[in-house]
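In what follows, a single structure is set out as structure tokens and then discussed.
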Amino acid sequence: MRSAVLVSGAGGALGSALVAQLAKSGLVVAAGRGVSQSELDGAHGRGRTVAAPLELGVPAAWRELSERLSREDIVVDGAVLAAGGWRGGATLSDTPDDVWSAMLAGNLETVRVSLQALLPGMVERRRGSVVVIASSAAVRPWESAKAAAYAASKAGALALVQASAAEVLAGGVRLNALLPSVIDTPANRNATPKADFSRWVSPASIAEVAGFMLSDAARDISGAALPVYGRVGV
Ligand SMILES: NC(=O)c1ccc[n+]([C@@H]2O[C@H](COP(=O)([O-])OP(=O)(O)OC[C@H]3O[C@@H](n4cnc5c(N)ncnc54)[C@H](OP(=O)(O)O)[C@@H]3O)[C@@H](O)[C@H]2O)c1
């Protein structure tokens, strides 16, 4: 039996940094859209990762993944849920239904379905730690004018983490949320080329914090909402 950490949104900017960090110390299941085994092998070496291309909001896709992992004798006892996205730019009154739905689907539904897929096995084995990437918007929604759908979806994800953390604590499983502000990604640099990038938190730095939260050194931390703001003022 091989133990693994699952990273969701592994094809994204933060997700790929998480895979790089976590693959240094163990097997990583890289889940989400846009993951390819040959690219992962090229980046991290063969046998360090398992590519799991899947739609994270679809329970049947998780069942298929779970069957595959048990055939391959892999057990997931840690996870970092980093799938999500941002759409905004309009007041709530002008927010189209598809933007509202996309925010809830990407930032909240993916977390719900992932937790429902992962937690029962962890509780059964009495071992597990999950880190969810929420956002500073979850606790500072007034900074998300013209992105209310995003803020609401991230606040929902944080509530899900903290309520579920209370449910599984006695089962030996921990859940925590990280709250990044602006992450230093190519997309953010392109969107705001005149910003001071040195104040933003890097994906590699968030990956180190996530690694700590998964580790036994954080064994007494559950239900936390940890700000990871870099040098962005609060
Ligand atoms: N970037 C920031 O400044 C910032 C700040 C605070 C919090 N966050 C959060 O940090 C996380 C990572 O952000 P990022 O900048 O790395 O975003 P990113 O580059 O867009 O990566 C997100 C990844 O998740 C995937 N994904 C989204 N929904 C999915 C679904 N239903 N099924 C499968 N895959 C799905 C995306 O695939 P597609 O590309 O195909 O959609 C993408 O590969 C997100 O939760 C984001 O909300 C980001």
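Keep in mind that what you see is a predicted model, and the values were worked out from it rather than measured. Start at 1 with the first residue, then count along the sequence. For ligands, and for the atoms within them, numbers begin at 1 and follow the listed sequence. FYI, side chains are in, hydrogens and waters are out, and symmetry mates aren't considered; it's all heavy atoms of this structure.
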>> Please evaluate residues D98 and R87 with respect to the criterion salt bridge (charged side-chain N to carboxylate O under 4.0 Å, His left out), reporting the C-alpha separation (whole Å), side-chain torsions for both, the decisive distance (0.1 Å), and the verdict.
In response: CA-CA 10 Å; D98 68 306; R87 283 174 72 183; 3.2 Å; yes
Can you find a pair of side-chain heavy atoms, one from [X] and one from [Y], that are under 4.5 Å apart?
X: H44; Y: V19; value: yes
X: V76; Y: L118; value: yes
X: L22; Y: L214; value: yes
X: V161; Y: N176; value: no
X: V201; Y: Y229; value: no

Could you give the distance from [atom1] ([X]) to [atom2] ([Y]), rounded to the nearest 0.5 Å?
X: M122; Y: D77; atom1: CE; atom2: CG; value: 6.5 Å
X: Q21; Y: I206; atom1: CD; atom2: CD1; value: 12.0 Å
X: R71; Y: R68; atom1: CZ; atom2: CZ; value: 8.0 Å
X: W62; Y: L6; atom1: CH2; atom2: CG; value: 4.5 Å
X: R199; Y: D184; atom1: CZ; atom2: CG; value: 12.5 Å

>> Once you restrict to heavy atoms under 4.0 Å, what part of A13 touches ligand 1? Side chain, backbone, both or neither.
In response: both
Could you check [atom] against the protein and tell me its nearest heavy-atom contact, residue, atom and distance included?
atom: atom 4 (C) of ligand 1; answer: I183 CD1, 3.5 Å
atom: atom 32 (N) of ligand 1; answer: L56 N, 3.0 Å
atom: atom 15 (O) of ligand 1; answer: T185 CG2, 3.9 Å

On a heavy-atom basis, I'd like to know which of [options] is closest to [atom].
atom: atom 14 (P) of ligand 1; options: L14, L179, I133; answer: L14
atom: atom 43 (O) of ligand 1; options: A157, G12, G84, S135; answer: G12
atom: atom 6 (C) of ligand 1; options: S181, A137, A105; answer: S181
atom: atom 8 (N) of ligand 1; options: Y150, Y229, W200, W86; answer: Y150

Does an N or O anywhere in [X] fall below 3.5 Å from an N or O of ligand 1?
X: V182; value: no
X: G106; value: no
X: G57; value: no
X: P180; value: no
X: R33; value: yes

>> Protein heavy atoms near atom 39 (O) of ligand 1, is at least one of them under 4.0 angstrom away?
In response: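 No, there is none.
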> With distance as the sole test, does R219 use its side chain to make a donor-acceptor pair with the main-chain N or O of D216 at under 3.5 Å?
Replying inline: yes
>> Is it the case that the side chain of R125 and the backbone of V75 share a donor-acceptor pair, with hydrogens and angles ignored and the cut-off at 3.5 Å?
In response: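 Judged by distance alone, no pair lies under 3.5 Å.
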Identify, by atom number and element, the atoms of ligand 1 in contact range of [X], meaning under 4.0 Å from any of its heavy atoms.
X: A82; answer: 11 (C), 12 (C), 44 (C), 45 (O)
X: A134; answer: 7 (C), 9 (C)
X: G9; answer: 23 (C), 24 (O)
X: L54; answer: 32 (N), 33 (C)
X: N188; answer: 1 (N), 2 (C), 3 (O)
X: K154; answer: 9 (C), 44 (C), 45 (O), 46 (C), 47 (O)
X: G85; answer: 47 (O)
X: E55; answer: 30 (C), 31 (N), 32 (N)

